[in-house]
Amino acid sequence: MKYIIVGAVAGGASTAARLRRLDEHAEIIIFEKGEYISFANCGLPYYIGEVIKDRNKLFVQTAAAFNQRFNIDVRVQTEVTAINPSAKTITAIKQATGEVYEETYDKLILSPGAEPVRPPLPGINSEGIFTLRNVRDTDYIKSYVQQKHVTKAVIIGAGFIGLEMAENFHDLGLDVTVIEMIDQVMAPVDYPVASFVQQHIRSKKVHLRLNTAVTGFTKTGDKIEVALNNGEVLLADVVLLSIGVRPDTRLAAMAGLKLGQAKGIWVNEFLQTSDPDIYAVGDAIEFENPVTHQSMITYLAGPANKQGRICADNVVLGNTRSYKGSINTAIVKVFDMTVGTTGTASKHLTAAGIEHIVSTTHNGSHAGYYPGAKQMTIQIAFTPKDGRLLSAQIAGYDGVDKRLDVFASYIKQGKSVYDLIEFEHAYAPPYSSAKDPVNMAGFVAE
Ligand code: FAD
């Protein structure tokens with residue numbers, strides 16, 4: 001068998017490694033248009049902020065090591081430009097030489113990821129305006145900040161990456177302004193939870209402009225003038241655009257593969273596209289949200305990695321493993337605070353017409369009499385009929401991640417607020433209370 005994979009980072013590299021485990025003799029070729037494979041996208045903001053000091057630590061695998069360890073033919077800086085599903089071939093271009101060639105496949109797996117949105121605003125392509133997706137972007141941003149002696153950064157978009165970059169720029173000593181078009185940071189969470197984050201960011205002297213849109217940029221000397229829709233103009237040395245991403249479906253669309261309602265690559269429960277010999281995983285695909293049953297796309301590393309394994313099993317063993325979907329469990333560090341979300345936020349449940357009750361609790365991260373307990377706010381949403389959990393959002397300073405993971409697994413298993421009451425946890429005063437915040441959320445909701 002001959003397998004070809006497009007994209008060699010989260011989803012693509014996981015698929016390749018699993019394919020090799022399942023099929024010792026297969027020919028496996030993985031194409032990557034960038035310079036690097038299997039790098040830690042999620043670590044990039046922290047390398048810019050010098051929390052991660054050694055650039056080599058960003059590379060989970062190198063092309064040479066991947067080849068040696070798994071006998072996989074890794075072709076970096078080689079872009080797949082077309083798929084011919086009827087001939088079962090792909091066309092690739094080797095960037096260094098411009099050589100164009102074809103490869104045949106028995107099965108093709110697409111993991112091309114998502115691209116940062118760059119709206120067609122005046123001056124958007126000026127020097128000093130960046131997006132952050134890969135190591136090349138990271139190197140550009142880092143060297144620009146160092147060489148231009150940057151002191152003022154404007155970040156457009158207060159999503160997860162925007163907030164991580166606000167912290168990292170701030171830690172580098174920059175004066176940071178975050179501009180957000182809607183009335184809150186972190187669109188996937190509900191306003192009451194986001195408001196804690198807003199307060200915290202402002203307490204760190206990061207300027208936050210909500211309900212504000214950027215209308216264009218003008219480069220004047222080394223400065224960038226950032227024009228706002230309220231008529232104001234901000235001066236920046238560096239601008240980061242983090243206003244969202246969209247699935248990279250170009251190849252799939254050109255090949256006539258079906259796209260779905262959310263504009264991702266359509267796949268069935270086996271991660272197989274509308275062509276039975278082509279599978280797809282990662283940020284580029286859409287699937288059914290197990291809570292709302294609507295089409296959704298997740299831009300998260302965990303789902304991409306897990307899909308890669310499932311997809312490889314189905315490719316090699318036949319369609320035997322179904323993907324159960326993701327409930328968008330995500331977490332972010334915002335200075336000293338941690339904010340996490342799992343399931344579908346109340347505002348999105350309302351938009352989807354799903355009846356629900358919201359309940360909020362505020363508890364200590366561990367026993368109050370043991371030093372260092374910090375407040376944690378948990379907001380849950382559940383069905384009025386049977387108390388089935390639909391979402392949980394947490395803002396706090398300590399122990400947010402472990403509680404979030406409990407909620408995520410309960411929501412995925414279809415559990416209810418009554419199960420929260422019975423949740424059994426490890427307790428000693430430095431870690432929790434006899435009644436954990438997860439139990440408390442159940443007691444209040446009951
Ligand atoms: P990617 O990992 O993006 O890989 C796609 C690859 O395909 C790219 O390298 C691209 O160059 C290549 N490619 C595309 N088209 C072609 C082609 N035609 N030919 C050859 N190669 C091609 N997720 C989390 O869960 N937690 C986090 O903390 C987190 N932080 C993040 C921080 C940043 C700065 C970024 C950018 C992302 C972060 N993510 C995080 C998201 C996570 O990295 C992605 O969800 C995940 O990498 C998606 O995997 P993927 O395989 O679909 O796409």
Side-chain angles (χ1 to χ4, degrees), residues 4-16 29-49 52 58 60-61 63 74-83 90-95 103 108-116 130-138 141 155 157 159-165 168 188 240-242 244-255 264-265 267 271 280-286 297-308 311 326 328-334 338-342 401 408:
I4 288 188
I5 303 169
V6 180
V9 189
S14 303
T15 308
I29 308 174
I30 184 162
F31 287 92
E32 171 53 58
K33 69 179 174 186
E35 227 177 308
Y36 305 101
I37 70 154
S38 205
F39 59 86
N41 317 49
C42 313
L44 302 178
Y46 299 99
Y47 173 64
I48 294 172
I52 299 169
L58 297 175
V60 184
Q61 279 282 357
V74 184
R75 302 190 187 170
V76 290
Q77 294 182 288
T78 309
E79 181 171 358
V80 173
T81 53
I83 305 166
I90 58 99
T91 307
I93 178 161
K94 210 169 166 178
Q95 286 158 2
E103 279 288 350
L108 174 67
I109 297 103
L110 305 177
S111 187
E115 295 175 305
F130 299 95
T131 52
L132 177 59
R133 176 182 182 186
N134 51 33
V135 177
R136 196 175 51 171
D137 299 335
T138 306
I141 296 171
I155 293 175
F160 288 64
I161 294 176
L163 294 186
E164 283 181 350
M165 282 305 299
N168 280 289
L240 182 83
L241 291 171
S242 53
V245 293
R246 63 167 74 100
D248 185 346
T249 55
R250 272 171 306 182
L251 264 183
M254 266 173 14
I265 302 174
V267 289
L271 302 170
V281 297
D283 286 359
I285 67 163
E286 68 173 67
I297 301 176
T298 51
Y299 301 109
L300 293 167
N305 276 275
K306 286 163 197 151
Q307 289 159 11
C311 167
S326 154
N328 248 339
T329 305
I331 193 160
V332 65
K333 174 180 177 299
V334 187
T338 303
V339 192
T341 170
T342 180
D401 52 343

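Note that this is a predicted model, so its numbers are computed, not measured. Atoms within a ligand are numbered from 1 in the order they appear, just like the ligands themselves.
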Proximal ligand 1 atoms for [X], defined as those under 4.0 Å from one of its heavy atoms:
| X | answer |
| --- | --- |
| G282 | 52 (O) |
| R133 | 3 (O), 5 (C), 8 (C), 10 (C), 36 (C) |
| L132 | 34 (C), 36 (C) |
| A304 | 48 (C), 49 (O) |

Polar contacts were defined as any N/O atom of the residue lying under 3.5 Å from an N/O atom of the ligand; does this apply to [X] and ligand 1?
| X | value |
| --- | --- |
| G11 | yes |
| S111 | yes |
| P45 | no |

Could you find the nearest protein heavy atom to [atom] and give me its residue, atom name and distance?
| atom | answer |
| --- | --- |
| atom 40 (C) of ligand 1 | C42 SG, 3.2 Å |
| atom 20 (C) of ligand 1 | K33 N, 3.2 Å |
| atom 35 (C) of ligand 1 | I161 CD1, 3.6 Å |
| atom 41 (C) of ligand 1 | Y299 O, 3.7 Å |
| atom 34 (C) of ligand 1 | N41 O, 3.5 Å |
| atom 10 (C) of ligand 1 | E32 OE2, 3.4 Å |
| atom 14 (C) of ligand 1 | P112 O, 3.4 Å |
| atom 49 (O) of ligand 1 | A10 CB, 3.2 Å |

Exercise: identify the closest heavy-atom pair between [X] and [Y]:
| X | Y | answer |
| --- | --- | --- |
| T249 | A284 | CG2-O, 4.1 Å |
| G43 | I52 | O-CD1, 3.6 Å |
| I83 | A255 | CB-CB, 3.8 Å |

First locate atom [atom1] of [X], then atom [atom2] of [Y], and finally report the distance between them rounded to the nearest 0.5 Å.
| X | Y | atom1 | atom2 | answer |
| --- | --- | --- | --- | --- |
| I161 | L44 | CD1 | CG | 8.5 Å |
| I5 | S111 | CD1 | OG | 8.5 Å |
| Q95 | T78 | CD | OG1 | 6.5 Å |

Q: Compare I83, V9, T15 and give the one whose heavy atom is closest to atom 4 (O) of ligand 1.
A: V9
Q) Heavy atoms only: which of T81, D283, N328, T298 is nearest to atom 44 (C) of ligand 1? A) D283
[X] side chain to [Y] backbone, donor-acceptor under 3.5 Å:
| X | Y | result |
| --- | --- | --- |
| D137 | N134 | yes |
| E79 | I93 | no |
| E32 | A8 | yes |
| T131 | L241 | no |

Q: Measure the distances from the heavy atoms of T78 to every atom of ligand 1 and state whether one is below 4.0 angstrom.
A: yes
Q) Does even one non-hydrogen atom of V6 get within less than 4.0 Å of ligand 1? A) yes
(Q) If we set the cut-off at 4.0 Å for heavy atoms, which region of A301 has an atom near ligand 1: side chain, backbone, both, or neither? (A)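 Near ligand 1, A301 shows its backbone as well as its side chain.
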Q: Heavy-atom distances under 4.0 Å are what count here, so tell me which part of L251 touches ligand 1: side chain, backbone, both or neither.
A: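 It is the side chain that gets close, since no backbone atom is under 4.0 Å.
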Q) Can you find a pair of side-chain heavy atoms, one from E35 and one from V76, that are under 4.5 Å apart? A)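 No. Closest side-chain heavy atoms not under 4.5 Å.
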Q: Flag yes if more than 12 heavy atoms outside K333 fall under 6.0 Å of its NZ atom; otherwise flag no.
A: yes
**Q.** R246, CZ: over 12 other non-hydrogen atoms inside 6.0 angstrom
**A.**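 Incorrect, the count does not exceed 12.
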